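Some notes on the structure that comes next.
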Amino acid sequence: MRHALLLTVLTSLTVSCQSQIPATSIPTPPPEAQQPTRPHLIGTVELPISTDPRLSAQTLTFREGDVTVTRLGAASVQRAGGFDYLRAQFEVKNVGSTPFGNLTLVAVAKQGNVGGTPIKAITDFGGVPSRDQDALVQLVVPTPAVAVAASGALSLVADAADFAALPDTEVAALPSQAGWATVYGPQDTPLNYGFTVSRCGAGACTRLLNPGESGTVNVALRVPNGASVGAAYGFLMNFALVNDPVTRVTRSLVPPESAAAAAARLDALGATGGEVLQLEPTAQALPAGRAGQAVPAVRLSRNGANLLTVLTTVQAAPLGTVTLVLNPDNQSVAQDASGTLEFTPGVFTDVDDVQGGFRYVARTFEVRNLSGRALPNVTVRALARPGNAGGTAVVEVRGAPTGSDPQGPLVTDPAFAQAVRPVQRTVLGASRPELDLGGASFQAYRRVESQALSGRAGLGADVTVLDYGFTVGGEAARTLAPGDVTRINVAYRFPRRFGTQPRPFAITLSFVAVTDDGVRVSQAVGESRAQLLDRAQALLSTTQLVQVNATDGTNLPASDGTGLLPMITPDVRVGTQTGLRP
């Protein structure tokens, strides 16, 4: 029934789009000698993105003015690292008498589309229920066409890297052009990205389409694949068809590409001049003589979603809750509630910083994968549960044991628990405490990431997922195969003295174990930007992409590290009470 509905939608779309002249004609671009110096609107088209193999034999052709767009079979889908990579190919033909250059499908978020995006008329979205589709489509990002290796590594598909970031000022000017109001409403919003047509053959590509010539455009998307098995997709996307006078290549972030490689792709097009576009926070220096622009943000929806934010939004898959104890005498092995992970207490570190007025405590836990599947980026996320002290992850704090109280007296002041703050593992240096960055585990998260995990984990309305946790691995690879063992360093600092409360001896904390779909390093208290970047660079030897998360509220310094995705998370909650920050 689902496939029948999709066929009906596509058939009706075909009938509506096969007319020889649009309902309201958009002015034809002037002759080549008078070509405009800014992108020129040609028309509008709704393209079907469908993996249904039964549609492969159907020819769907859409005519808009002097251009026809024909679907080249069903869309392909590849899966890697928690994502589906879709690729739909279309032939674009110049059926007029005027040459076109850099024909680009510019995404348009029409009023009434799903999640304020260019996506509409969903019949299948990787098996995700309709109730979840509105939120999920806002996490869909455009990419160049990619190939997924057996290892899960991504690479650009030669001659198909058609994704284009566009200068926002040029896109914002499209609604003022003649013809826009005849095909779009006042709430319909062009977004500053799209996909550009190329004509390839004999090992070379060009962006010029002379009359009668055809090219190909690849609409490529990355979609979080959710928990469902299977990768069937069927939906429509809205695009404005635009003729761009400037030949541009957009440096890829997924998969990561250097600025020099992007410039080489532009050179291969053989166009005079041209530009390399880069997302501003990740921009690298271009080769000498090569022009470029930095785009501050690529907007993915009318609702404010942007490319870099979505690329650095972690989707966590919950395993089970677990209680861990920072106690030098405790050797009890713990398992998370799902029985997936085993936590064995290891080295206990206790550093007293007399000069700084803090005490640093850390416990190294050996973490074993008891399951039969590989687990990426295993992390324990802090939970504030009912009954915890001061709205934090602290279940209880005990002072040093005495003869009359061998377990140690309880520290009852909730303000003490609120003074316990997560850090990287700290060791005694030559003259004062130093961060042990080889074993750095602290991880920070955005509020929206914590809220999403709370909804998926089914922890209950009275349990709060806080914005921090501790991740396995340090500088080592972060994927645990079945039976593998690695380490997490759970580390905190707190005041050396706290009123009349007993000196802390043992701290019990509540967590939920999860796997993350992205590799991230986060800046902890006392860690410099240079140290943060060094840790991120070290991880690039084991993964293509690393999110570099600064928590002190200022921009990261520029880096030529290809594969580093910068993000800033200054508002990290370590408790439910106002003002509890690292």
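Computed from a prediction, not measured in an experiment: that's the story for all the values here.
The two residues P142 and F195 have their closest heavy-atom pair at CB-CZ, 3.7 Å. The shortest non-hydrogen separation linking A259 to A285 is CB-O, 3.7 Å. Between V298 and V295, the shortest heavy-atom distance links the atoms CG2-CG1, 4.4 Å. Between A109 and G116, the shortest heavy-atom distance links the atoms CB-O, 3.3 Å. Between S559 and L564, the shortest heavy-atom distance links the atoms OG-CD1, 3.7 Å. The shortest heavy-atom contact between Q138 and V310 is O-CG2, 3.6 Å.
When the options L47, I122, V137 are evaluated for a side-chain contact (heavy atoms from CB on, under 4.5 Å) with F235, the one that passes is I122. R446 pairs with exactly one of D467, T312, D571 by the side chain to side chain donor-acceptor pair (under 3.5 Å) rule, that one being T312.
A salt bridge links R199 with E213: the closest approach of a Lys/Arg side-chain nitrogen to an acidic carboxylate oxygen falls below 4.0 angstrom. Comment: E257 engages R265 in a salt bridge, judged by a side-chain N to carboxylate O separation of less than 4.0 angstrom.
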task = Assess whether side chain to side chain contact (heavy atoms under 4.5 Å, CB included) is satisfied between V141 and L311, documenting all intermediate values.
result = CA-CA 8 Å; V141 297; L311 288 180; 3.9 Å; yes
Derivation and outcome, side chain to side chain contact (heavy atoms under 4.5 Å, CB included), residues T206 and L269 = CA-CA 5 Å; T206 179; L269 291 172; 5.9 Å; no
Determine, step by step, whether D517 and N377 satisfy the side chain to side chain donor-acceptor pair (under 3.5 Å) criterion, reporting the C-alpha distance in whole Å, the side-chain angles of both residues, the deciding distance to 0.1 Å, and the verdict.
-> CA-CA 7 Å; D517 65 10; N377 307 305; over 6 Å; no
Decide yes or no on side chain to side chain contact (heavy atoms under 4.5 Å, CB included) for R207 and V197, but give the supporting numbers first. CA-CA 6 Å; R207 296 277 184 80; V197 178; over 6 Å; no
| message | As a quick check of understanding, evaluate side chain to side chain donor-acceptor pair (under 3.5 Å) for S301 and T117, giving each step before the final call. | response | CA-CA 4 Å; S301 77; T117 71; over 6 Å; no
| task | Go through the steps to decide whether Q89 and V217 satisfy the test side chain to side chain contact (heavy atoms under 4.5 Å, CB included), and finish with yes or no. | result | CA-CA 6 Å; Q89 294 181 287; V217 65; over 6 Å; no
**Message:** side chain to side chain donor-acceptor pair (under 3.5 Å) for T247 and N102? Distances and angles first, verdict last.
**Reply:** CA-CA 6 Å; T247 300; N102 307 300; 3.2 Å; yes
Test salt bridge (charged side-chain N to carboxylate O under 4.0 Å, His left out) applied to R290 and E275, step by step: CA-CA 7 Å; R290 174 52 67 194; E275 296 178 333; over 6 Å; no
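Not a single donor-acceptor pair under 3.5 Å links the side chain of N94 to the backbone N or O of S97. Judged by distance alone, with hydrogens and angles left aside, the side-chain atoms of S198 form no donor-acceptor pair with the main-chain N or O of C200 at under 3.5 Å. No donor-acceptor pair closer than 3.5 Å links the side chain of N210 to the backbone N or O of P99. Under a 3.5 Å cut-off, the side chain of Q278 and the backbone N or O of Q284 do form a donor-acceptor pair. A donor-acceptor pair is defined here as one N or O able to donate and one able to accept, closer than 3.5 Å; no such pair exists between the side chain of S454 and the backbone of S450. The closest donor-acceptor contact from the side chain of D84 to the backbone of V77 lies at 3.5 Å or more, if one exists at all. Judged purely by atom type and a 3.5 angstrom limit, R248 has no side-chain atom pairing as donor or acceptor with the backbone of L266. A donor-acceptor contact shorter than 3.5 Å links the side chain of D188 to the backbone of G185. Checking side-chain atoms of S252 against main-chain N and O of V254 turns up a donor-acceptor pair under 3.5 Å. Under a 3.5 Å cut-off, the side chain of S50 and the backbone N or O of P48 do not form any donor-acceptor pair.
The CD atom of Q293 sits 10.0 Å away from atom OG1 of T250, with the distance rounded to the nearest 0.5 Å. Taking OH of Y85 as the reference point, atom CD of Q78 lies at 9.5 Å (rounded to 0.5 Å). Here the straight-line distance linking atom CD1 of I568 with atom CG of N555 works out to 4.0 Å at 0.5 Å rounding. One distance of note links CZ of R251 with CG of L286; it measures 9.0 Å at 0.5 Å rounding. For the atom pair CG of D159 and OG1 of T216, the computed distance is 10.0 Å after rounding to the nearest 0.5 Å. For the atom pair Q547 CD and L539 CG, the distance stands at 11.5 Å (nearest 0.5 Å).
Within the 4.5 Å cutoff, side-chain heavy atoms of V546 are placed close to those of V521. Under the 4.5 Å side-chain criterion, counting only non-hydrogen atoms from C-beta, E91 is not in contact with T68. At a threshold of 4.5 Å between non-hydrogen side-chain atoms, the residues V548 and L533 count as touching. Looking at heavy atoms from C-beta onward, Q111 lies in side-chain contact with R302 at the 4.5 angstrom threshold. A heavy-atom distance below 4.5 Å is not found between the side chains of L565 and R520. You'll find the side chain of Q315 stays beyond 4.5 Å of the side chain of D516, heavy atoms only. For the pair V465 and Q451, the minimum side-chain heavy-atom distance is 4.5 Å or more. Between T44 and Y184 the shortest side-chain heavy-atom distance falls below 4.5 Å.
The 12-atom threshold is exceeded at NZ of K110, counting heavy atoms of other residues, nucleotides or ligands nearer than 6.0 Å.
Side chains of Q443 and S522: a donor on one and an acceptor on the other come within 3.5 Å. Checked by atom type, the side-chain pair R299/N306 shows no donor-acceptor distance below 3.5 Å. T104 and T196 are linked by a side-chain donor-acceptor pair at a separation below 3.5 angstrom, with hydrogens and angles left out of the test. Judged by distance alone, the side chains of N549 and T569 do bring a donor and an acceptor atom under 3.5 Å apart.
Using cut-offs of 30° and 60° on the angle between ring planes, the pair F163 and Y193 is tilted. Ring orientation note: the planes of Y233 and F125 are nearly perpendicular, at an angle over 60° on the 30°/60° scale.
In this structure, R222 forms a cation-pi arrangement with F83, its terminal cationic atom sitting closer than 6.0 Å to the ring centre and no more than 45° off the ring axis.
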